[in-house]
Amino acid sequence: EAGVAQSPRYKIIEKRQSVAFWCNPISGHATLYWYQQILGQGPKLLIQFQNNGVVDDSQLPKDRFSAERLKGVDSTLKIQPAKLEDSAVYLCASSLLGSMQYFGPGTRLTVL
Amino acid sequence: AQSVSQHNHHVILSEAASLELGCNYSYGGTVNLFWYVQYPGQHLQLLLKYFSGDPLVKGIKGFEAEFIKSKFSFNLRKPSVQWSDTAEYFCAVNADNNDMRFGAGTRLTVKP
């Protein structure tokens, strides 16, 4: 069974630029999550989708972050414009029943 | 909302030493509890989980964890660590199937 795929693996941008990350969950997993993991901290949930609907985006900084999952499968997370403090690893996870989450390798973002 | 505390930021042990990593959470209701491990350069992997039943949970690679409801704790243990156990360990709590909250992580270094 293929795992959660994410791209790119690494991204370096300058502040005020825009960036987008892509996630392909495990086939058949209805729930998809985006997490932000800042160095030295545990992952923090940004947004949770159930199929193509948003379940929880309470911790998503909506002034600059956006995410979509239009067809209920792949998802993209965008930051526009990026700030220095957005430097982190962005993790995508998916689950079938809502509790057992499987994580992708993450995208390491560096904002200069 | 629930929160998770991992009190040990960095633990250094010699091979064959016993390990116990602390995890406490704050939530009064029903919880699902997890330990994830992140080996250097790899993505988060599930080590073990507790949903219900026997509070002593056995996971992969000889790890176990004990859920003590009265103490709101879910400590991770291993009787004899190996060099290959060097990794970052994250405790996570999922309350009422809502969003997952992670602790800050404990970095384990095992000296050969």
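Order of the sequence lines fixes the chain letters, A, B, ..., with proteins taken first and strands second; residue numbering starts at 1 for each chain.
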For the interface with chain B, which of A:Pro43, A:Pro105, A:Ala93, A:Gly104 has the highest count of heavy-atom pairs at distances below 4.5 Å? A:Pro43
At a 4.5 Å cut-off on heavy atoms, which part of A:Leu91 comes close to chain B: side chain, backbone, both, or neither? side chain
By salt bridge (Lys or Arg N to Asp or Glu O under 4.0 Å) - contacts of B:Glu20 (at least two apart): none
I need the full list of disulfide bond (SG atoms under 2.5 Å apart) pairs touching residues 5-68 of chain A, with sequence neighbours left out, sorted by first then second residue. A:Cys23-A:Cys92
Let me know if B:Gln38 has heavy atoms under 4.5 Å from chain A in its side chain, its backbone, both or neither. side chain
What part of B:Leu44 lies closer than 4.5 angstrom to a heavy atom of chain A: side chain, backbone, both or neither? both
Check whether any side-chain heavy atom of B:Lys49 lies under 4.5 Å from a side-chain heavy atom of B:Trp35, and answer yes or no. no
I'd like to know if the side chain of A:Asp56 pairs up with that of A:Ser58 as donor and acceptor (distance under 3.5 Å, no hydrogens or angles considered). yes
